Amino acid sequence: MKYVSIVALLVAGIIHLLPVPGVMGVGTLARLYGIEVNDPNTAILLQHRALLFGVLGVLMLSAIALPWLRVTALMVALFSAASFIVVAMAVGGYNPAIGRVVVADVVAAVLLAAGLGAELWLIGRKPE
């Protein structure tokens, strides 16, 4: 049970690091998301998104080594993955590349929920 949260953080951390190359520019963003990025405002938003995912990925990977950070990292990452799924489902009509992101976030959300449950269970079992 003690490794569930570690595996969740590792897998979800890697998933969240995958968009980081989008920081490099619109060509990379186009490959990642299967969209044309012709507007500088959209490029700024997507590049910033890529950077924030890098921060979140590093947070998750850091929490593997820092047990005091695990619950926070798991909760923030779960909220991130679940919120993207909700937005994608609400908007709909996304392309196959975004569909792969949705699937990756479903996998991450399931793992993160299991990891958070395991971590909270372990915390509840520790004697005071």
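Since the model is a prediction, treat every value here as computed from it, not as a measurement.
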Is there side-chain contact between [X] and [Y], with at least one heavy-atom pair below 4.5 Å?
X: L9; Y: L61; answer: no
X: F84; Y: I98; answer: yes
X: H16; Y: S80; answer: yes
X: L56; Y: L59; answer: yes
X: I6; Y: R70; answer: yes
X: Q47; Y: L51; answer: no
X: L74; Y: S5; answer: yes

Main-chain N/O of [Y] paired to [X] side chain as donor or acceptor, under 3.5 Å:
X: H48; Y: I44; result: no
X: S62; Y: V58; result: yes
X: S83; Y: F79; result: yes

Original post:
Say you draw a straight line from CG of N95 to CD1 of I35; how long is it, rounded to the nearest 0.5 Å?
Top reply: 7.5 Å
Original post:
Hey, what do you get for CE (M60) to OG1 (T72), rounding to the nearest 0.5 Å?
Top reply: 13.0 Å
**OP:** Compare every heavy atom of Y33 with every heavy atom of P19, then report the nearest pair and how far apart it is.
**Re:** CB-OH, 3.4 Å
Original post:
Are L32 and V106 joined in one hydrophobic group, where the rule is that I, L, V, M, F, W and Y side chains link up if heavy atoms are under 4.5 Å apart?
Top reply: yes
Subject >> Linked, directly or transitively: Y3 and W121 (ILVMFWY side chains, under 4.5 Å) >> reply: no
**OP:** Can you spot which of L45, N38, L46 makes a side chain to side chain contact (heavy atoms under 4.5 Å, CB included) with T42?
**Re:** L46
